[in-house]
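What follows is a short report on a single structure.
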Amino acid sequence: MTQITSRAIHISQHGGPEQLSLVQVTVGEPGPGEIRIRHKAVGLNFIDVYQRSGLYPMNLPMQLGMEASGVVEAVGEGVTHLQVGDRAAYASQPPGSYCEVRVMPAKCVCKLPDGIGFDTGAAMMLKGLTAQYLLRRTLPQGGLNPGDFVLFHAAAGGVGLIACQWAKALGLQLIGTAGSDAKCALAKEHGAAHVINYATEDFQARVKEITGGRGVKVVYDSVGKDTWDKSLDCLAPFGLMASFGNASGPVAPFSPGILGPKGSIYVTRQTLFTHIATRESTQAMADELFAVVLSGAVKIRIDQRFALEDVQAAHRALEARQTTGCTILTL
Ligand code: NDP
């Protein structure tokens, strides 16, 4: 049996970035439904921070990371959509992408089209599939139509810059918020119709002004605690609050009774892993993502690169809001 060694990043207890440690692991052969993949690059995501800190409690010790690209090195029984030598990329459940080589379930792994490089593949799968399900599958009554207003928080981040471009390609008027004027300029450059610096401006008042008092059809909110209350008040009647993250902390419990007077609004909490639970849905969503990237409508912007062994610095930068666009770990 082949035994391969790999550098990997593990945590043995929840806590700050200092909990991330570089270890050597042994990787075996893939079992039924699995592949072994040798990574070319690894994507960094805010969910990695939640799993490290314990906001999302995990079974420990664990290997972090949910996104990467690489070359398929071995294929287990029953895997038909991948072959040895294929270029591939994925957003994975379970975690474990912070490494050089791993064995993992094949169903979440997609062949990477020739026109998409490994770094881009590693940066775009989890974030791009998230933008896909938010803009294409998480819809208000009557759907989204060209010209409609949506509000997207943290618009200059990894998911944010992809969403700005994709929303523009769909003809939507995306109002993007971000924490500095420079980040707002970046979101605008990438297709946001309007931008609001929510560190210095009242975003609720500005959304009212921009939409002529009507409000937006959907708020896509990954900031959580700090934006929740005002976000609900940005919605038009029957609008949809799509919560998908908690970068500032979790949203406090609330009574559904508050939603009626705000205009019979809808609230949902979405996670990518429901959308990519099957091979079929994963591939269908990835095909749409690959198409918008290959057409040039969505460009994957990698603004930060850290070596795998510098992962602590990468986590610190992400949590300190010092990053824009995507961040990858290089091998
Ligand atoms: P980002 O690159 O967007 O980084 C997070 C951004 O959140 C920061 O840059 C910052 O932008 C903003 N932010 C606001 N308040 C805080 C705070 N107190 N601390 C830190 N950051 C803050 O990360 P990702 O692209 O990886 O992910 C974006 C969001 O989407 C995350 O919340 C993530 O958990 C969520 N997500 C959810 C998924 C799902 O399916 N549910 C899947 C993928 C991502 P600024 O300075 O402009 O405010």
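We count ligands from 1, going down the list as the structure has it; atoms in each ligand are counted the same way.
- Every protein residue with a heavy atom nearer than 4.0 Å to ligand 1 is included here: Asn45, Phe46, Tyr50, Leu126, Thr130, Tyr133, Ala154, Gly157, Gly158, Val159, Ala178, Gly179, Lys183, Tyr198, Ser222, Val223, Phe244, Gly245, Asn246, Ala247, Ser248, Arg269, Gln270, Thr271, Leu272, Leu318, Glu319, Arg321.
- Listed by chain and number, the residues in a side chain to side chain donor-acceptor pair (under 3.5 Å) with Gln132 are Glu288 (sequence neighbours excluded).
- Counting only heavy atoms from C-beta outward, the side chains of Arg52 and Leu20 approach each other to under 4.5 Å.
- Under a 3.5 Å cut-off, the side chain of His39 and the backbone N or O of Cys99 do form a donor-acceptor pair.
- Not counting sequence neighbours, the partners of Pro140 by the side-chain contact (heavy atoms from CB on, under 4.5 Å) test are Leu144, Lys217, Val218, Leu240.
- Judged by distance alone, the side chain of His275 and the main-chain N or O of Thr282 form no donor-acceptor pair under 3.5 Å.
- The list of salt bridge (Lys or Arg N to Asp or Glu O under 4.0 Å) pairs with a residue in residues 65-83, not counting sequence neighbours, reads Arg36-Glu73, Arg38-Glu73, Glu67-Lys127.
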